[in-house]
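Data first, discussion second: the structure below is written as structure tokens.
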Amino acid sequence: CSPPPALPMTSQLLRALPRSKVLASTLLPCKQQQLQPGGTPHQPASRWPLCFKSYSTAPVLHSYILTPPQVNSILKANEYGFKVPEFDGKNLSSVMGFESNQLPANAPIEDRRSAATCLQTRGMLLGVFDGHAGCACAQALSERLFYYIAVSLLPHNTLCELEAAVEAGRALSPILQWHKHPNDYFSREAQNLYFNSLRTYWQELIDLTSPGEVPDTREALLNAFKRLDSDLSLEAQVGDPNAFLHYWVLRVAFSGATACVAHVDGSDLFIANAGDARAVLGVQEEDGSFTAHTLSNDHNAQNEDEVARIRGEHPPSEKKTVIRQERLLGLLMPFRAFGDVKFKWSIELQKRVLESGPDQLHENEHTKFIPPNYHTPPYLTAEPEVTHHQVRPQDRFLVIGSDGLWETLHRQEVVRIVGEFLTGVHQRQPLKVGGYRVTLGQMQGLLEERKARASSSFEDQNSATHLMRHAVGNNEFGTVDHERLSKMLSLPEELARMYRDDITIIIAQFNPHV
């Protein structure tokens with residue numbers, strides 16, 4: 001075999017380099033040996049993302065040129081689609097179906113996704129969870145948060161029926177119908193722990209509610225987020241006699257994850273967001289074009305209200321230190337997240353939990369690290385910002401994406417790409433070349449490429465895959481460049497995170513007749 005060709009790093013490849021969410025010397029990494037059930041060590045679960053602040057030299061990248069079938073194989077590996085069934089030829093749901101996909105940059109991917117139908121109440125839940133400092137917290141959210149939301153939405157009588165069934169040892173009526181890709185992992189070893197915590201929550205809800213009381217969706221989402229984060233913290237403090245579970249609950253608590261969840265019931269669309277994932281509505285105008293309507297706010301340093309909130313929660317003496325270099329305490333980019341107990345627990349509690357934890361924690365210096373200027377915790381919350389939107393006939397679809405998507409494509413470009421894919425109608429906009437000098441030959445090539453794209457009926461069957469193809473492969477002219485796409489997908493894992501983040505996308509299509 002001949003060696004792979006050397007590919008110089010071009011300005012195309014360098015565009016929009018993301019920054020890691022957590023500086024590399026701060027939190028509990030997944031890079032150490034982990035215990036599997038039975039005590040067998042295996043390969044590291046995650047690599048630390050590096051935070052690069054400047055680029056003085058342009059290294060040479062060694063990469064293979066992938067063929068189109070190879071590119072498609074990579075892009076479609078994690079795609080998933082679900083169509084809501086029809087009854088008597090009619091679809092009674094406001095959601096016709098959804099499509100999702102994931103593309104890793106970290107190894108393994110730190111993003112997670114979830115989708116489920118609520119069976120005891122009505123509505124569909126869709127969520128994207130973006131992990132940092134490892135994948136453990138995002139994994140726990142993907143398995144647990146929807147149960148907490150579903151239980152929070154149950155009326156008092158149904159909660160009592162659940163508890164009575166458990167007391168009598170009867171089978172429980174299912175609460176959720178999951179819609180999962182075969183690659184979506186469930187940690188079976190922790191299911192008893194998860195169920196016991198959830199049961200304690202619904203027992204408290206029984207005491208707090210009255211017969212006939214109808215839960216408020218906004219309050220249910222708020223309470224579910226806050227209660228699950230509290231349980232993650234409590235489970236880490238209590239520990240577990242099982243060595244594997246003890247280590248797992250600590251990994252969950254010391255890593256972190258943002259969450260963006262949609263609950264759709266009829267025309268009521270609620271978004272609960274904590275962090276910097278984002279939900280954007282695709283609205284079709286009278287002329288057939290699509291416009292973006294953002295339903296969530298990013299919780300980071302670009303949000304002036306968030307900056308004011310955090311500074312207002314701590315003494316004036318910390319005004320200059322609580323947010324530094326656009327990061328919480330100079331370290332964390334999202335200002336709301338699950339887990340991340342290093343930004344929530346007192347120093348004394350952190351030391352006590354770590355001292356009583358498994359040996360793997362003591363072997364790693366990162367766990368003993370206390371954030372600088374750590375005076376008045378907690379500095380971080382998982383309380384979501386909840387927004388409500390009444391779905392209209394012109395609201396055609398919803399895109400929920402981790403920040404890896406929004407770092408590469410503007411929201412308006414996202415809804416245009418998705419809208420054109422779903423309708424098959426391509427808006428003929430003037431070809432933009434920005435400030436680039438383009439020869440007539442290059443212009444001819446661009447026009448021919450656009451013509452071929454429009455006439456070739458897209459090679460993707462999944463809208464999330466199609467959007468991901470654009471997110472990774474778009475060139476400076478806004479079209480998919482196969483050579484660029486091939487280079488980005490063939491980067492070795494130690495370099496991939498330098499150029500993009502994990503990308504997770506869920507696209508839900510609304511039923512205009514409901």
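This one's a predicted model, so the numbers in the text were calculated from it and none came from an experiment. Throughout, numbering of the chain's residues begins at 1 and tracks the sequence.
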Review point. Picking from Tyr148, Phe338, Phe146, what satisfies ring pair (Phe, Tyr, Trp, His ring centres under 6.0 Å) with Phe225?
Key: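 For Phe225, the ring pair (Phe, Tyr, Trp, His ring centres under 6.0 Å) test succeeds with only one of Tyr148, Phe338, Phe146, which is Phe338.
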
Side-chain heavy atoms of [X] within contact of [Y], under 4.5 Å:
| X | Y | answer |
| --- | --- | --- |
| Thr217 | His263 | yes |
| Glu286 | Gln394 | no |
| His293 | Leu295 | yes |
| Gln102 | Ile503 | no |
| Thr387 | Ser296 | no |
| Ser210 | His156 | no |
| Val261 | Ile149 | yes |
| Phe98 | Gln509 | no |

Okay, side chain of [X], backbone of [Y]: is any donor-acceptor separation there less than 3.5 Å?
| X | Y | result |
| --- | --- | --- |
| Arg500 | Thr408 | no |
| Glu219 | Pro215 | no |
| Ser486 | His482 | no |
| Ser94 | Ser267 | no |
| Arg336 | Thr258 | no |
| Thr158 | Leu154 | no |
| His132 | Pro334 | no |
| Glu99 | Glu79 | no |
| Ser93 | Val95 | yes |

Return the minimal non-hydrogen interatomic distance between [X] and [Y], and the atom names on each side.
| X | Y | result |
| --- | --- | --- |
| Trp406 | Gly401 | NE1-O, 3.0 Å |
| Leu232 | Cys137 | CD1-SG, 4.2 Å |
| Ala236 | Leu250 | O-CD2, 3.7 Å |
| Asp502 | Ser402 | O-OG, 3.5 Å |
| Ala150 | Leu176 | CB-CD2, 3.9 Å |

Would [X] and [Y] count as having a side-chain donor-acceptor pair, cut-off 3.5 Å?
| X | Y | result |
| --- | --- | --- |
| Asn273 | Glu385 | no |
| Asn475 | Thr479 | yes |
| Thr291 | Glu285 | yes |
| Arg411 | Thr294 | yes |
| Asn300 | Asp276 | no |
| Gln70 | Ser73 | no |
| Ser197 | Glu235 | yes |
| Ser142 | Tyr185 | no |

Exercise for review: May I ask you to check whether Phe397 and Phe290 place their ring centres under 6.0 Å from each other?
Suggested key: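 Yes - the distance between ring centres of Phe290 and Phe397 falls below the 6.0 Å cut-off.
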
Interatomic spacing from [atom1] in [X] to [atom2] in [Y] - rounded to 0.5 Å:
| X | Y | atom1 | atom2 | result |
| --- | --- | --- | --- | --- |
| Leu422 | Ser463 | CG | OG | 5.0 Å |
| Ile400 | Leu398 | CD1 | CG | 4.5 Å |
| Ile175 | Cys118 | CD1 | SG | 9.5 Å |
| Phe421 | Asp460 | CZ | CG | 6.0 Å |
| Ser114 | Arg144 | OG | CZ | 13.0 Å |
| Ile417 | His470 | CD1 | NE2 | 5.0 Å |

Please verify the inter-ring angle class for [X] with [Y]; under 30° counts as parallel, over 60° as perpendicular, anything in between as tilted.
| X | Y | value |
| --- | --- | --- |
| Phe82 | His179 | parallel |
| Phe195 | Trp202 | perpendicular |
| His181 | Tyr80 | perpendicular |
| Trp178 | Phe186 | perpendicular |
| Trp248 | Phe244 | parallel |

**Study point:** Verdict with reasoning, Leu198 to Val151, per side chain to side chain contact (heavy atoms under 4.5 Å, CB included)
**Key:** CA-CA 8 Å; Leu198 182 67; Val151 163; 3.9 Å; yes

Which donor-acceptor pairs under 3.5 Å do the side chains of residues 121-130 make with protein atoms, sequence neighbours left out?
residue: Arg122; atom: NE; partner: Asp265; partner atom: OD1; Å: 3.3
residue: Arg122; atom: NH2; partner: Asp265; partner atom: OD1; Å: 3.4
residue: Asp130; atom: OD2; partner: Lys21; partner atom: NZ; Å: 2.7

May I ask you to say whether [X] pairs ionically with [Y], meaning some side-chain N is under 4.0 Å from a carboxylate O?
| X | Y | value |
| --- | --- | --- |
| Asp395 | Arg392 | yes |
| Glu143 | Arg112 | no |
| Arg278 | Asp403 | no |
| Arg227 | Glu383 | no |
| Glu167 | Arg199 | yes |

Check your understanding: What's the verdict on side chain to side chain contact (heavy atoms under 4.5 Å, CB included) for Glu163 and Gln203, showing C-alpha distance, side-chain angles and the deciding distance?
Key -> CA-CA 7 Å; Glu163 181 60 21; Gln203 289 171 335; 3.1 Å; yes

Review point. So does Asn192 have more than 12 non-hydrogen atoms from other groups sitting under 6.0 Å from CG?
Key: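 Count not over threshold, so no.
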
Exercise for review: Could you walk me through whether Arg113 and Ser100 pass the side chain to side chain donor-acceptor pair (under 3.5 Å) test, one step at a time?
Suggested key: CA-CA 8 Å; Arg113 58 182 165 178; Ser100 68; 3.0 Å; yes

Practice item. Report the C-alpha separation of Asn303 and Phe335 in whole Å, then their side-chain angles, then the decisive distance to 0.1 Å, and conclude whether the side chain to side chain contact (heavy atoms under 4.5 Å, CB included) test is met. Key: CA-CA 10 Å; Asn303 184 333; Phe335 289 175; over 6 Å; no

**Study point:** From Thr465, Asn183, Asn101, Asp184, residue fulfilling side chain to side chain donor-acceptor pair (under 3.5 Å) relative to Asn78
**Key:**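 The residue from Thr465, Asn183, Asn101, Asp184 that satisfies side chain to side chain donor-acceptor pair (under 3.5 Å) with Asn78 turns out to be Asn183.
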
Point to revise | Verdict with supporting geometry, Asn462 and Lys76, side chain to side chain contact (heavy atoms under 4.5 Å, CB included) | key: CA-CA 9 Å; Asn462 181 298; Lys76 296 180 180 184; over 6 Å; no

